[in-house]
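Here the structure comes first, spelled out in structure tokens, and everything after it is commentary.
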Amino acid sequence: MEIKPTISFDDFAKADLRVGTIISADDLEESNKLIKLVVDIGIEKRQIIAGIKKYYKVEDLVGKQVVIIANLEPKKLAGYESQVMLLATSND
């Protein structure tokens, strides 16, 4: 995969990165990729629809801490609103 074009520090600084704790995780049975998470970021709770089913079991996610982008505009995925984006990495 090719590296995307360079952005300025000011553009990067616009991202509101937060650490939150997953307080609930539900399997979206209609999808083979998506899990519905609720993350507590301290000042509020946010819903995430994350394409992580291939990598994580729903029952293992509650209590985990994750990094999110809190100020990304909401998006509908599989009919559910995803209010933030979960940041994740992989060796694949």
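This structure is a prediction, so every number in the text was calculated from the model and none was measured.
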Would you say [Y] ends up clustered with [X] if hydrophobic residues are merged whenever their side chains have heavy atoms under 4.5 Å apart, either directly or through other cluster members?
| X | Y | value |
| --- | --- | --- |
| I41 | V84 | yes |
| Y80 | V58 | no |
| V66 | Y55 | yes |

Working to the nearest 0.5 Å, report the span between [atom1] of [X] and [atom2] of [Y].
| X | Y | atom1 | atom2 | result |
| --- | --- | --- | --- | --- |
| L61 | D26 | CG | CG | 10.5 Å |
| I22 | L86 | CD1 | CG | 6.5 Å |
| R18 | I43 | CZ | CD1 | 4.5 Å |
| S24 | Q47 | OG | CD | 8.0 Å |
| K36 | L34 | NZ | CG | 12.0 Å |
| E73 | Q83 | CD | CD | 13.0 Å |

Verify side-chain contact (heavy atoms from CB on, under 4.5 Å) between L17 and F12, making sure each step is shown before the conclusion. CA-CA 10 Å; L17 302 175; F12 172 74; 4.3 Å; yes
Search all heavy atoms of [X] against all heavy atoms of [Y] and return the closest pair with its distance.
| X | Y | result |
| --- | --- | --- |
| L77 | S82 | CD1-CB, 4.2 Å |
| L37 | A50 | CD1-CB, 4.3 Å |
| E30 | A78 | OE2-O, 4.3 Å |
| Y56 | I35 | O-CD1, 3.9 Å |

Hey, are K57 and D60 close enough for a salt bridge, meaning a charged N less than 4.0 Å from a carboxylate O? no
Give me the one residue out of I23, V39, T21 that meets side-chain contact (heavy atoms from CB on, under 4.5 Å) with K45.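 In the set I23, V39, T21, the residue that makes a side-chain contact (heavy atoms from CB on, under 4.5 Å) with K45 is I23.
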Check whether any side-chain N or O of K54 sits under 3.5 Å from a backbone N or O of N32 as a donor-acceptor pair, and report yes or no.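 Checking the backbone N and O of N32 against the side chain of K54, no donor-acceptor pair under 3.5 Å is found.
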As a quick check of understanding, evaluate side-chain contact (heavy atoms from CB on, under 4.5 Å) for N71 and I69, giving each step before the final call. CA-CA 6 Å; N71 62 333; I69 302 175; 3.6 Å; yes
Please assess R46 against E44 for the test salt bridge (Lys or Arg N to Asp or Glu O under 4.0 Å), listing each intermediate value before the final yes or no. CA-CA 7 Å; R46 297 280 187 94; E44 62 188 35; 2.3 Å; yes
